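These notes concern the structure reproduced below.
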Amino acid sequence: MVTQVGEVTLLTWEENLSLGIALAEAADTPREWPALGRVDLDSIRLILASDEERFRRVSRGRAPGWGIGLAFPGSGTIVLRADDPSVFATLQHELAHLALHQLVSGRVPLWFDEGFAGWASGEFDRLDAWGLNLVVIRRRVPNLDELDAALRGSRATAETSYALAMTAVMELARRNPTQTLEPMVNRLAREEQFDEALVATTGFTRDGFEIAWQKSVKRRYSVLTWFAAGGMWLLVGSAVIWAYWARRRRDVPRRAALDRGWDVPEWQEEVVSGPDDETNVPNHGQSDQS
């Protein structure tokens with residue numbers, strides 16, 4: 001089913017038409033993008049797939065199995081999954097890709113492309129996840145080539161990789177005297193090579209920036225920030241569960257001994273289970289005296 005909404009051509013199945021129209025209206029709404037300013041996007045083709053199978057078929061296998069959104073800047077096409085609970089946020093992420101590449105025609109590294117889309121669409125909750133701290137604590141921060149590979153990897157590594165890509169883009173802005181990404185984007189828009197624009201706006205070569213970024217991530221996402229982000233409560237909860245389990249384990253022999261040796265005398269059984277006895281007190285052989 002094809003529906004035109006402003007400059008957006010919507011292609012979807014009938015059962016998703018209402019959702020598709022709402023997404024198309026959101027895509028057709030002009031907005032200001034960080035470091036880009038107002039970008040009037042060219043005509044957009046929005047494809048809304050019902051589920052994973054249709055999404056994979058429409059995207060022709062170019063998205064990972066766990067993917068929920070995909071942008072093709074060359075044709076102005078966005079593919080989304082209707083069963084994605086955060087589909088409107090995913091739409092903003094993919095729109096950021098289109099906005100960036102409408103101004104920047106040259107190639108940029110994948111980590112910059114994805115990091116910019118996450119940063120520009122306001123996905124800062126990725127940085128709040130204490131899992132990022134835990135990854136930094138448990139293993140070394142990847143280099144930029146490894147980060148590119150991880151962004152194409154499994155679902156388990158993708159979330160952290162997207163967050164790390166955002167930190168790299170934010171580091172680019174922080175290293176510029178203006179504390180913004182605008183000088184970098186402006187140079188890229190003039191078709192300057194990425195590595196040349198990097199040196200001109202930050203003073204770092206690619207290798208130098210990589211080292212500076214890795215040090216920054218280790219400093220910002222350390223053991224202390226992991227505790228502040230919720231790691232302390234995880235440890236406390238784990239300690240409570242372990243203590244409870246250990247106490248139960250220690251009590252097993254005691255409970256078993258009680259279960260084996262607990263015999264009830266017959267006279268106590270009479271007291272407990274003798275509802276026909278008026279006094280519920282055993283006679284013990286004594287006779288009544290007048």
Side-chain angles (χ1 to χ4, degrees), residues 33-36 64 66-67 93 96-97 100-101 104 106-189 192-232 234-235:
W33 294 98
L36 303 180
W66 47 264
H93 182 99
H97 282 302
L100 173 66
H101 288 280
V104 178
R107 294 181 61 86
V108 297
L110 181 61
W111 62 264
F112 178 82
D113 203 346
E114 294 296 347
F116 176 85
W119 172 72
S121 58
E123 298 175 0
F124 297 106
D125 56 329
R126 292 182 185 269
L127 302 176
D128 294 335
W130 59 267
L132 178 59
N133 300 85
L134 188 59
V135 167
V136 173
I137 293 168
R138 291 176 58 188
R139 62 180 176 86
R140 68 181 183 88
V141 179
N143 61 42
L144 294 174
D145 288 337
E146 291 170 337
L147 181 56
D148 277 355
L151 287 166
R152 299 186 181 95
S154 65
R155 183 194 297 268
T157 62
E159 186 67 25
T160 300
S161 299
Y162 275 87
L164 286 171
M166 285 181 60
T167 65
V169 169
M170 294 166 68
E171 187 70 13
L172 283 175
R174 195 174 71 85
R175 294 290 178 172
N176 188 268
T178 66
Q179 298 286 293
T180 71
L181 206 62
E182 290 180 14
M184 181 75 175
V185 171
N186 290 339
R187 286 181 173 272
L188 294 174
E192 195 169 307
Q193 294 295 316
F194 185 86
D195 287 355
E196 295 175 2
L198 176 65
V199 173
T201 57
T202 67
F204 285 105
T205 63
R206 184 184 185 281
D207 291 342
F209 172 75
E210 182 177 86
I211 294 172
W213 165 69
Q214 289 174 322
K215 289 181 178 179
S216 175
V217 170
K218 291 176 183 178
R219 183 173 63 252
R220 291 172 182 268
Y221 300 95
S222 61
V223 175
L224 292 178
T225 55
W226 179 72
F227 270 96
M232 179 185 69
L234 176 65
L235 292 179

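Note that the structure is a prediction, hence the values are computed from the model and not measured.
- L100 places a side-chain heavy atom less than 4.5 Å from the side chain of F112.
- When every heavy atom of T201 is checked against every heavy atom of P177, the shortest pair comes out as O-CD, 4.0 Å.
- For D195, there are no side chain to side chain donor-acceptor pair (under 3.5 Å) partners two or more places apart in sequence or in a different chain.
- Evaluation of the salt bridge (Lys or Arg N to Asp or Glu O under 4.0 Å) test over residues 177-188, restricted to residues two or more places apart or in two chains, returns R187-E192.
- For F204, there are no ring-ring contact (aromatic ring centres under 6.0 Å, His included) partners at least two apart in sequence or on another chain.
- Taking CG of L172 as the start and OG1 of T180 as the end, the distance is 11.0 Å to the nearest 0.5 Å.
- At a threshold of 4.5 Å between non-hydrogen side-chain atoms, the residues R107 and F194 do not count as touching.
- Looking at every heavy atom in both residues, P142 comes nearest to W213 through O-CZ3, 3.2 Å.
- Heavy-atom minimum distance, A212 versus E171: O-OE2, 4.3 Å.
- H97 has its side chain out of reach of F116: every pair of non-hydrogen atoms, C-beta onward, lies at least 4.5 Å apart.
- Residues meeting the side-chain contact (heavy atoms from CB on, under 4.5 Å) test with A173, sequence neighbours left out: L181.
- D145 pairs by the side chain to side chain donor-acceptor pair (under 3.5 Å) definition with R206, not counting sequence neighbours.
- V141 approaches Q214 most closely through the heavy-atom pair O-NE2, 3.3 Å.
- Side chain of T157 to main chain of S154: a donor-acceptor pair is present (N/O by atom type, distance under 3.5 Å, no hydrogens or angles).
- H101 meets the ring-ring contact (aromatic ring centres under 6.0 Å, His included) test with no other residue; sequence neighbours excluded.
- Taking OG1 from T167 and CZ from R174, the interatomic distance works out to 11.0 Å, rounded to the nearest 0.5 Å.
- Under the rule for a side chain to side chain donor-acceptor pair (under 3.5 Å), W111 has no partner lying at least two apart in sequence or in another chain.
- Summarising the geometry of A117 relative to A96, their closest heavy-atom pair is CA-CB, 3.8 Å, with the distance given to 0.1 Å.
- In this structure, CE in M184 is found 14.0 Å from CZ in R175, a value given to the nearest 0.5 Å.
- With sequence neighbours excluded, the residues forming a side-chain contact (heavy atoms from CB on, under 4.5 Å) with R152 are L110, D148, listed by chain and number.
- Scored by the side chain to side chain donor-acceptor pair (under 3.5 Å) test, E196 finds no partners at all (sequence neighbours excluded).
- Note that the CD atom of E159 and the CH2 atom of W66 stand 9.0 Å from one another [nearest 0.5 Å].
- No hydrogens or angles considered: nothing links the side chains of T205 and D207 as a donor-acceptor pair under 3.5 Å.
- Nearest heavy atom pair, residue L164 against residue L147, reads CB-CD1, 3.9 Å.
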